[in-house]
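Keep in mind that what you see is a predicted model, and the values were worked out from it rather than measured. Here is how names work: the chains are called A, B, and so on, in the same order as the sequence lines, proteins then strands, and each is numbered from 1.
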Protein chains: 2
Amino acid sequence: MARPRKRDYETLRRELIDAGGRILAAEGPAALSTRRVAQETGTSTTAVYSLFGDKAGLLREMFLEGFDRLAAAFAAVPRTGDPLADLLALGDAYRANARANPHLYELMFGRPVPEFQPDAAAAGRIQPTFDALVEACGRCVDQGVFTDIGAYPIAVQLNAMAHGLCSLELRGALGDEDEANAHWTRSFASLTRGLAA
Amino acid sequence: MARPRKRDYETLRRELIDAGGRILAAEGPAALSTRRVAQETGTSTTAVYSLFGDKAGLLREMFLEGFDRLAAAFAAVPRTGDPLADLLALGDAYRANARANPHLYELMFGRPVPEFQPDAAAAGRIQPTFDALVEACGRCVDQGVFTDIGAYPIAVQLNAMAHGLCSLELRGALGDEDEANAHWTRSFASLTRGLAA
DNA sequence: CGTGGTTACATAACAGTGTTACTAAACCGT
DNA sequence: ACGGTTTAGTAACACTGTTATGTAACCACG
């Protein structure tokens, strides 16, 4: 009935997203063009527009891919009997993910590409990963580690601190890796101490 | 000896920077083009390239303009006998400046425009405003408000928290203004409590 | 009082971008 | 075999940053 697709719909989709991620990581947002990702995957710009509708659509998928990776990193954090340690482990996972995918991190939490800013639907995908943080905070409250001002406000504070530190570190403002480590541990020590019961 | 300048060198320079700021605030980074700022100031793109060398050069000046405004906001914060109150006032000034100039804030601390990222010289201009924060932290340490882990590490923690909260708020992730206010006060209450002696 | 030289400025061209018509190609039901 | 329908690639449009080219304005000098 119709001309068959050269590649599987899903594989082409993934190839384009991956190519975008590779270009973004290797050469930054300025090099990320529809022609480039199309050429990189051996197809034409039409693919981008039929699959994603838009360059923003492609960026949206890369954005979501970034959150999938973060969610996977969070899921890999074990749930021990020490909720505070779990919380700090989540922070480490957040940081490691940001360092491993700096450009995706910028795409997710910065605003590096003017063509795209997360819509409500995309922002909704953030929720699950944030829920993991809230859940861990809730366990800290339940076990009396933190004073109960609500798990959500606590999560916001930790999130703000983690994001702020990531921003500074990715910008190189936290010195070398040892210094950055020290800033991270000190910062979360202060904050969790202030949150403690 | 030569054709005289239509406008004063400095005034044209300022007009271009202001036009850039206006466009950035009104229509976002996507609308910020050399043709546009030139047209807006009644001149041609040549002015941008002869004065700033580059679009990145114009962005650089806007970036520095943003820091000048932040520095002015910091300078307007009075120095009372209560260093902790002064510190919180600095935080409020930081937040107010970010809310008043959201696109400049993105240019300064986000990475919204791919054509430009702050070079070392521009980054050096950040120092004075950060020094004001370090100084206030130092006074807190001196008066025994904070445990002495060093004024600089303390400033980094406060800076990270402030930037993290600003990012979340500008993204609309902190709810309406009342909720955002609550998050700000709670967060700095926790952090300063954790830093307290 | 011309006139040449030097500088300022504007226009237009170049390469590259996102985006979208248009056209060719390939399959499958008839 | 053939025709209809869907896919995919090409090329065009309007835009971007950037640069080269041409023109206009002034002043020193003859």
From C-beta outward on B:S44, which listed nucleotide comes closest to its side chain: D:dT16, C:dA10, C:dG18?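 It is C:dA10.
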Return the nearest nucleotide to the side chain of B:Y49; candidates are D:dT18, C:dT19, D:dG9.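 My answer, after comparing the listed nucleotides, is D:dT18.
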Rounded interatomic separation in angstrom, taking [atom1] from [X] and [atom2] from [N]:
X: B:F52; N: D:dT18; atom1: CZ; atom2: C1'; result: 16 Å
X: A:K55; N: C:dT17; atom1: NZ; atom2: P; result: 9 Å
X: B:Q39; N: C:dT11; atom1: CD; atom2: P; result: 11 Å
X: B:L16; N: C:dC9; atom1: CG; atom2: C1'; result: 13 Å
X: B:D54; N: D:dT16; atom1: CG; atom2: P; result: 17 Å
X: B:Y9; N: C:dC9; atom1: OH; atom2: C1'; result: 15 Å
X: B:L51; N: C:dA8; atom1: CG; atom2: P; result: 10 Å
X: B:L32; N: D:dT18; atom1: CG; atom2: P; result: 12 Å

Go through the side-chain N and O atoms of [X] and [Y] and say whether any donor and acceptor fall under 3.5 Å apart.
X: A:Q157; Y: B:S190; answer: yes
X: B:Y152; Y: A:H183; answer: no
X: A:S44; Y: A:T46; answer: yes

Got a donor-acceptor pair under 3.5 Å from the side chain of A:R35 to the base of C:dG16?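 No such pair is found, so the answer is no.
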Do the side chain of A:T46 and the base of D:dG9 come within less than 3.5 angstrom through a donor-acceptor pair of N or O atoms?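 By the distance-only test, yes, there is a pair.
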Does a salt bridge link B:R14 with B:E10, judged by any charged N lying under 4.0 Å from a carboxylate O?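 Between B:E10 and B:R14 there is no salt bridge, as every charged N stays at least 4.0 Å from the carboxylate O atoms.
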Once you apply a heavy-atom cut-off of 4.0 Å, does B:S33 come out as touching a base, just sugar-phosphate, or nothing?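 Sugar-phosphate, no base atom in range.
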Pick base, sugar-phosphate or nothing for A:T45, based on heavy-atom distances below 4.0 Å to the nucleic acid.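 The answer is base, as A:T45 lies within the cut-off (heavy atoms under 4.0 Å) of a base atom.
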Any chance you could measure B:L168, atom CG, to B:S187, atom OG, to the nearest 0.5 Å?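 B:L168 CG to B:S187 OG: 9.0 Å, rounded to 0.5 Å.
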